[in-house]
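Heavy-atom basis, side chains included; hydrogens, waters and symmetry copies ignored. Residue numbers begin at 1 in each chain, while the letters A, B, ... track the order of the sequences.
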2 protein chains.
Amino acid sequence: MATIVEVARLAGVSTSTVSHVLNDTRNVEPSTRAKVMAAIEKTGYRQDAVARAMRRARTDSIGLVVSDAGEPAFAEMVHGVEHAAAARGLTLVLANSAEDPVREERAVNTLLSRRVDGLIIARCAASSAAVSSRLESESPRPVVLLDRVFDNSPHDQVGADNRESMRRLVEHLQAAGHRRFLLVAGDQRVPTLVERFRGFRDAIRDADLPQQVVVDAVDMAEVREKVAAALEQGDATCVIASSTPLAVATLECLRDAGLTTPEQIAFAAFDGFSHSDLFRPTITTVRQPAFEMGAAAVSLLIDRLGAPDASPRTLRLNQTLELRESSENYRPGVS
Amino acid sequence: MATIVEVARLAGVSTSTVSHVLNDTRNVEPSTRAKVMAAIEKTGYRQDAVARAMRRARTDSIGLVVSDAGEPAFAEMVHGVEHAAAARGLTLVLANSAEDPVREERAVNTLLSRRVDGLIIARCAASSAAVSSRLESESPRPVVLLDRVFDNSPHDQVGADNRESMRRLVEHLQAAGHRRFLLVAGDQRVPTLVERFRGFRDAIRDADLPQQVVVDAVDMAEVREKVAAALEQGDATCVIASSTPLAVATLECLRDAGLTTPEQIAFAAFDGFSHSDLFRPTITTVRQPAFEMGAAAVSLLIDRLGAPDASPRTLRLNQTLELRESSENYRPGVS
DNA sequence: CTGTTAGCGCTTTCAT
DNA sequence: ATGAAAGCGCTAACAG
């Protein structure tokens, strides 16, 4: 590749003039500019982003660490982040922690070492304290927490209105006549799942319902076991799964138990499945605006670059309650 | 951040010694090494990948351009690429062309300008010639084509055995009694879809079947229109969709036409839906090993770095034919 | 309006 | 076994 020096020589100007033409950073005589453009054309010159980043304070890149690249919801967030970043001329550097704190820490270090202008991260469930302090000490490099938001976080964050959505979902199901629920709540180290659990508790308490069965196992095999046991005991009329993986496990249990939805038991899930309208049963779902969350994280990052000392913001995007067959047609008299 | 100079000063050695300790690139007296390590610890020093890349020929990063980050199959490929790259200490820089040749070209330029060690790209349907020549002139920076492979490509490529898989699928359906198919073939500028179409033709020809109805519209609205019309005419007993988006459109048409699967019409699709076992109808699917394809692309890239002049390789991973309800229970006598 | 030049932080010859 | 020093390609004072 040609360098800026060759372009300058060919155009008969200094490298600084070439640089200024390239970046439009000071006035250049039209004729000079033309000579430079011609030289660029002839040499096939392209700016070297590495050398540029070396000199400047910024790299025009951002890092994203997701906790599970295999989950469709995270794939959507990646898509949203990429879209918003590209729209602002930022390049995306992607890493996946796969819910492993060691890989998470390695990913964060790699990205920081590459001098990304900012970092968006969906912390993994067992995220280490080392990562937290590393992130905090990295100021003024902005960090935005995605999906998994924390109380009193020193960082900007974007999540969903999990607690409120779960409450609305449960209220709807109660109004439809359900009084005995089985909540498949999942790993309670994950803030998102904690929030959903709290929303559930809120709704149960406010409706003066008795205690409900909650499965909060971490391991999926254990989840299946406990859900199966709870179904066997059998007084729940409605099952709620707090995430897609939990919904998969739950649906498998329902199938194994020979329970059909919604005839024998109602079902609802968070995050949901793609193209769910095309298949049966269609499942009542609280849908996360994953793409928008990713895009919003980029916005927060950009805002933060412009105002490093503003106090941290937590953004919560609304989830939508999509009512479908799996929670319909419940007949209180029959239960 | 501390620099290598501060570490050197603190350790009472030269920067070159620190560098050699860091990269384990020449022998260092254990005691010296210890002093350096201590200084690194104390300063919290971390290597600056930008400066490092500036000096060396490599950046230890690879670029990936996907043509549609919203498609689950591509999300899986991204996941596979990330996984394989991370395993080799390579950082992934991600871009999405969204099937837009302008964005594709921009993405390629951005990645090259960042001096990625290699480039993996799923070309978009209307990919411009400018991109082709840009990619070819970038040697010796390796380029691997992903998913969408081309005849006589100067690059390494990894795709699926589309032609053979489609042939197997059609043969299976023929054996089950089907003689009139509707193929929803999609955009014939996309090599993957062309290959699937060819496999279909092969099978029809070898079975001496009459001409079949093929929908090859690009625009999804047009696809729906033509599929609806073909269904109305109504002599097909079996519909095959060549990709997930086409399957979605087709299933909507079937639903709108009031046709149930498999009772009234058989159905099969490529790429498929996630968690398809849990929903009805379960769909006979030719599944693409998307994750593995992404990982394989990284392998090809690495191999190529080691052997820049070997002739280009095309790798075709096997797809699996997953037989499910949507293609069962067809009764020839009734048709 | 344009040119000269000092680095950014690091790796890597070349000496010793 | 270690150090000195020359840049990698670029940007941004500073000077004219």
- Message: Under 4.0 Å from OP1 or OP2 of D/dT2: is there any side-chain N or O of B/T32 that close?
- Response: yes

- Task: Please state whether the phosphate of C/dG3, meaning OP1 or OP2, lies under 4.0 angstrom from any side-chain nitrogen or oxygen of A/S16.
- Result: no

- Query: Would B/V21 and B/V18 satisfy side chain to side chain contact (heavy atoms under 4.5 Å, CB included), going step by step from the backbone distance to the final call?
  - Reply: CA-CA 5 Å; B/V21 167; B/V18 176; 5.7 Å; no

- Give a yes/no answer on whether the side chain of A/T3 brings an N or O atom under 4.0 Å of OP1 or OP2 in D/dG9. no

- Answer with yes or no whether A/R52 presents, from its side chain, a donor or acceptor under 3.5 Å of a partner atom in the base of D/dG9. no

- Note on the structure: From the candidates C/dT4, C/dA6, C/dC10, the one with an atom nearest any side-chain atom of A/S14 is C/dT4

- Item | Electrostatic pair A/E6-A/R9, nearest N-O below 4.0 angstrom | no

- Query: Of all the nucleotides listed (C/dC8, D/dC10, D/dC8), which has the minimum atom distance to the side chain of A/D48?
  - Reply: D/dC10

- Task: Whole angstrom is fine here: how far is it from CE in B/M1 over to P in C/dG9?
- Result: 10 Å

- Per side chain to side chain donor-acceptor pair (under 3.5 Å), B/S127 is matched among B/E104, B/E105, B/R189 by B/E104

- Report yes if the side chains of B/I120 and B/V81 come closer than 4.5 Å at any heavy-atom pair, otherwise no. yes

- Identify which nucleotide among C/dG3, D/dG9, D/dA1 has an atom closest to any side-chain atom of A/T17, counting heavy atoms from C-beta outward. C/dG3

- Message: It should be established whether A/R56 places a side-chain nitrogen or oxygen under 4.0 Å from OP1 or OP2 of nucleotide D/dT11.
- Response: no

- Message: Applying a 4.0 Å non-hydrogen cut-off, can you work out what A/V50 is touching in the nucleic acid: base, sugar-phosphate, or nothing?
- Response: nothing

- Query: Does A/R26 or A/I4 map to a spot on DNA chain D nearer the 5' end, using the closest nucleotide for each?
  - Reply: A/I4

